[in-house]
Student: 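Once you've had a glance at the structure underneath, I'll fire off some questions.
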Amino acid sequence: MSALTRYFLAITLMATSATAMAEVEVAPFAGFRMGGEFDVSDENTDEEDTLEFKDSESFGIALNFDLDEPGKQAELYFSRQETTASTSNQLLTEDSYSVDVTIYQLQFGGLYFPGHKNTGGFVSGVIGVTRLEPEPSGLDDHHRASIAIGGGYKLALTESLLARFDLRGIYTVLDSGGSVFCSGGCAVRFDSSGYGQVEASAGLAFRF
């Protein structure tokens, strides 16, 4: 079990315990995530390039619980994307232009419904951590701060089942000058302060 998964389970248990009397929604979702690129450079040769993530599917779960004020919910958001990070030059490894990467997001924030109900249109904002996990194993993982802002719609199908649709922009902060997916004496460094992605998703929310 990864460290990020353990964090998610711990926060989920705390959130559920703290809101035992509140209405809770559990919403597994599937989506498609686009974009994500940043500049990298080789400190030995001064060669510069752009690293890009391939657009791909994403999966995850959102946990919401009602707040005292109508039209507001707290949210715990967890997502996973399997993608490929590629460059036009062989900066990442000696024999490849690309590296497979799994991106995890664990974020906490809330939803606001202008209609003061917990259905209909909403805006969302969450903040937390992004984990970048390259393959093969042995390459460095990275944990970086991230924020996501977006909006969506919840359509009530029954009293305890809703269809949920989201569109969110995700920004992950990078450590400019830090190493990129390396093992040992890698000289490739981040040259950007961060990167952005856009995710469109849909799922079913089960309300308890």
Student: If I compare all heavy atoms of Val101 with all of Ala85, which pair ends up nearest, and what's the gap?
Tutor: CG2-CB, 3.8 Å

Student: Any side-chain hydrogen bond (donor to acceptor under 3.5 Å, both in side chains) involving residues 145-156? Give me the pairs, sequence neighbours left out, ordered by first then second residue.
Tutor: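 Every side-chain hydrogen bond (donor to acceptor under 3.5 Å, both in side chains) pair that includes a residue of residues 145-156, provided the two are not neighbours, is Glu25-Lys154, Gln73-Lys154, Gln107-Ser146, Thr130-Ser146.
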
Student: Once side-chain contact (heavy atoms from CB on, under 4.5 Å) is applied, do any residues pair with Leu161, and if so which ones, sequence neighbours excluded?
Tutor: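 Applying side-chain contact (heavy atoms from CB on, under 4.5 Å) to Leu161 gives Leu157, Thr158, Leu204, Phe206.
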
Student: What are the two closest non-hydrogen atoms of Ser58 and Phe32, and how far apart are they?
Tutor: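 That would be OG-N, 3.8 Å.
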
Student: Starting from the C-alpha separation in whole Å, work towards a yes-or-no answer on side-chain contact (heavy atoms from CB on, under 4.5 Å) for Thr84 and Val99.
Tutor: CA-CA 6 Å; Thr84 301; Val99 170; over 6 Å; no

Student: Taking 4.0 angstrom as the limit, do Glu82 and Arg80 come out as a salt bridge?
Tutor: yes

Student: Any chance the side chains of Gln105 and Ser79 put a donor and an acceptor closer than 3.5 Å?
Tutor: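 There is such a pair (donor and acceptor under 3.5 Å, judged by atom type) between the side chains of Gln105 and Ser79.
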
Student: Partners of Tyr195 by ring-ring contact (aromatic ring centres under 6.0 Å, His included), sequence neighbours excluded?
Tutor: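 Only Phe38, Phe53 meet the ring-ring contact (aromatic ring centres under 6.0 Å, His included) criterion with Tyr195.
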
Student: For residues 111-124, which side-chain donor-acceptor pairs fall under 3.5 Å, sequence neighbours excluded?
Tutor:
| residue | atom | partner | partner atom | Å |
| --- | --- | --- | --- | --- |
| Asn118 | ND2 | Asp66 | OD1 | 3.0 |
| Asn118 | ND2 | Asp66 | OD2 | 3.3 |

Student: Carefully, step by step, assess Phe165 and Phe29 under the rule side-chain contact (heavy atoms from CB on, under 4.5 Å).
Tutor: CA-CA 9 Å; Phe165 307 93; Phe29 65 83; over 6 Å; no

Student: Minimum heavy-atom separation for Val129 and His143, please, with both atom names.
Tutor: CG2-CB, 4.2 Å

Student: So Leu167 and Val198, do their side chains get closer than 4.5 Å, heavy atoms only?
Tutor: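 Yes, their side chains come closer than 4.5 Å.
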
Student: Where is the tightest heavy-atom contact between Val126 and Gly109, given as atom of each residue plus distance?
Tutor: CG1-N, 3.5 Å

Student: Hey, does Arg164 have a side-chain heavy atom less than 4.5 Å from the side chain of Asn64?
Tutor: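 Yes, close enough: below the 4.5 Å cut-off.
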
Student: Is the shortest side-chain N to carboxylate O distance from Asp55 to Arg33 below 4.0 Å?
Tutor: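 Looking at Arg33 together with Asp55, the answer is no, because their closest N to O distance does not fall below 4.0 Å.
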
Student: Distance from Leu76 atom CG to Leu106 atom CG, nearest 0.5 Å?
Tutor: 5.5 Å

Student: Verify the cluster assignment for Phe108 and Leu63: are they in a single hydrophobic cluster under the rule of side-chain heavy atoms below 4.5 Å apart?
Tutor: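 Same hydrophobic cluster.
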
Student: Which pair of non-hydrogen atoms, one from Lys54 and one from Gln81, has the smallest distance, and what is that distance?
Tutor: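 Scanning both residues completely, I find the closest heavy atoms to be O-NE2, 3.7 Å.
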
Student: Would you compute the distance between atom CG of Asp49 and atom OG1 of Thr87 and round it to the nearest 0.5 angstrom?
Tutor: 5.0 Å

Student: Under the salt bridge (Lys or Arg N to Asp or Glu O under 4.0 Å) rule, collect the residues that match up with Arg168, sequence neighbours excluded.
Tutor: Glu75, Asp166, Glu199

Student: Can you pull out every salt bridge (Lys or Arg N to Asp or Glu O under 4.0 Å) where at least one residue sits in residues 119-129? Sequence neighbours excluded, please.
Tutor: none

Student: Less than 4.5 Å apart, side chain to side chain, heavy atoms only: is that true for Leu155 and Leu162?
Tutor: no

Student: Please answer: with hydrophobic residues joined when any side-chain heavy atoms are less than 4.5 Å apart, are Val24 and Ile61 in the same cluster?
Tutor: yes

Student: Treating Ile, Leu, Val, Met, Phe, Trp and Tyr as nodes and any side-chain heavy-atom pair under 4.5 angstrom as an edge, say whether Phe65 and Val26 lie in one connected cluster.
Tutor: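 The answer is yes; both residues are in one hydrophobic cluster.
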
Student: Given the rule in the side-chain hydrogen bond (donor to acceptor under 3.5 Å, both in side chains) test, do Glu48 and Ser41 qualify, once you have shown the distances and angles that lead to the verdict?
Tutor: CA-CA 4 Å; Glu48 298 180 350; Ser41 64; 5.8 Å; no

Student: Please round to the nearest 0.5 Å and tell me the distance separating atom OG1 of Thr172 and atom CZ of Arg131.
Tutor: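 It is 14.0 Å, given to the nearest 0.5 Å.
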
Student: Given 3.5 Å as the limit, does a donor-acceptor pair link the side chain of Ser192 with the main chain of Asp39, or not?
Tutor: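 Yes; at least one donor-acceptor contact below 3.5 Å.
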
Student: Check whether any side-chain heavy atom of Tyr77 sits under 4.5 Å from a side-chain heavy atom of Ile170, and report yes or no.
Tutor: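 Contact flag for Tyr77/Ile170 side chains = yes.
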
Student: For Glu23 and Arg207, run side-chain contact (heavy atoms from CB on, under 4.5 Å): C-alpha distance rounded to whole Å, both residues' side-chain angles, the deciding distance at 0.1 Å, then the answer.
Tutor: CA-CA 7 Å; Glu23 292 290 326; Arg207 188 171 179 86; 3.2 Å; yes

Student: Applying side-chain hydrogen bond (donor to acceptor under 3.5 Å, both in side chains), run through Thr102 and Tyr104 and close with a yes or a no.
Tutor: CA-CA 7 Å; Thr102 302; Tyr104 297 93; 5.1 Å; no

